[in-house]
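Structure first, then comments.
Every number for a ligand or one of its atoms is a count from 1 in the order of the listing. Hydrogens, waters and symmetry mates are skipped; everything else that's a heavy atom, side chains included, is used. Along the sequence shown, the residues carry numbers beginning at 1.
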Amino acid sequence: MNTKFHLLTIDKVVKETSDTVSISFTIPADVKDDFHFKAGQYLTLKTTINNEDIRRSYSISSAPHEGTVTVAIKKVENGTFSAYAQNLKAGDQIEVLAPQGNFVLKSDGTKNYAFFAAGSGITPIISIIKNILNANNGSTATLFYGNKSGIETIYKNELDALASANNNFDLHYVLTREEGANDVLSGRINKAKIEAIDKAYLADKNIDDIYSCGPESIIQAVNDYFVGKGKDSKNIHFELFTTPVKEVTGAENSSDEPIPDVNASVTVIIDDEEFQFDLSSKGKNILQAAQDADADVPFSCKGGVCCTCRAKVIEGKAVMDLNYALEPEEVADGFILTCQAHPVTDKVVVSFDEY
Ligand code: FES
């Protein structure tokens, strides 16, 4: 796993809305290979504010064929990094981890896609849509994009231009504080709204795959509605854009298995180096314990959302408090989010070097 941060120079900053900037980076020739990305992946940015190492992950909004790497950063309440980012300008330098993430197209075949996004959740979605349109393989994309108003809609001009240039892209804004184009497209995106949208706009589209990105409420509503309608959950993909509401205390467990009381011997492998420590199943998570043992392990959200701390259990077993980032197949293959994981066998070996 590439866990090294690179110092990149900002090439361009564009104010997209009153509280969102998009930032494009110059990628030096010697790290170009590290910064190849798939549409839907994200970057982790790092800086030091008041002596604190602050990292945040932001989805890439450009598409691979565009030759730029751009992220959008929306100012969030009490958000130290997002407030700092609003003042960045061309020529500034910032440390950036190579692209990561699983919220990508699962195949490059011809498909009909439906997308649901809200607010800054548009960033990975616009990248994926541009990728689909560029592939020009007969796939179609239909986007429902929720915002308070037109003026607060990130990438509105670019989306409008894409929709008018591509017959296979249908774009619908869903607005809460302004009248939408009609009743169906006005109001919050919740389960009832998704049902109305499905009946009005998707009934004859034969949708294969559904992607959603935004707050947990929208992701849950998309999932509940389409699974309830009989859609296979392997065709419903999501990326959560806020830390989950659920508070994690001690070794809570996202599966229903009881957690045994174990004092494990844990080995963490990163960049071929081994770190060994004892860790209780009811104590700190593996990421925190590895940091305490001086391992330079990758992380960003620490909330089970971003996937930056992903590693593989190659011996023993660990369970996670929360998992909003790994696909079921990855979990079955032994991957964990170390910021959420606790050992449950006497010996556990976790490797960050496995893909
Ligand atoms: S640091 Fe984001 S999921 Fe663990």
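Using a 3.5 Å distance cut-off with no hydrogens or angles, the side chains of Asp160 and Tyr155 do not pair a donor with an acceptor.
Arg55 forms a cation-pi arrangement with Phe299, by the criterion of a distance under 6.0 Å to the ring centre and an angle within 45° of the ring axis.
When each of Ile94, Asp11, Thr68 is checked for a side-chain contact (heavy atoms from CB on, under 4.5 Å) with Phe25, only Ile94 meets the rule. When the options Lys205, Lys229, Lys231 are evaluated for a salt bridge (Lys or Arg N to Asp or Glu O under 4.0 Å) with Asp198, the one that passes is Lys229.
Below 4.0 Å from some heavy atom of Cys309 lie the following atoms of ligand 1, by number and element: 1 (S), 3 (S), 4 (Fe). Each of the atoms 3 (S) of ligand 1 lies under 4.0 Å from some heavy atom of Gly304. For ligand 1, the atoms lying closer than 4.0 Å to a non-hydrogen atom of Lys302 are 1 (S), 2 (Fe). Within the listing of ligand 1, atoms 1 (S), 3 (S), 4 (Fe) sit less than 4.0 angstrom from a heavy atom of Cys339.
Look at Ser300 and you'll find a heavy atom under 4.0 Å from some atom of ligand 1.
Taking the six-membered ring wherever Trp is involved, the centroid distance between the rings of Phe238 and Tyr324 does not fall below 6.0 Å. Two rings, from Tyr145 and His172, have their centers 6.0 Å or more apart.
The angle that Cys301 SG and Cys306 SG make at atom 2 (Fe) of ligand 1, rounded to 10°, works out to 100°.
When distances to atom 4 (Fe) of ligand 1 are checked against a cut-off of 2.8 Å, Cys307 contributes no N, O or S atom below that limit.
At a heavy-atom distance under 4.0 Å, only backbone atoms of Val305 (N, CA, C or O) approach ligand 1.
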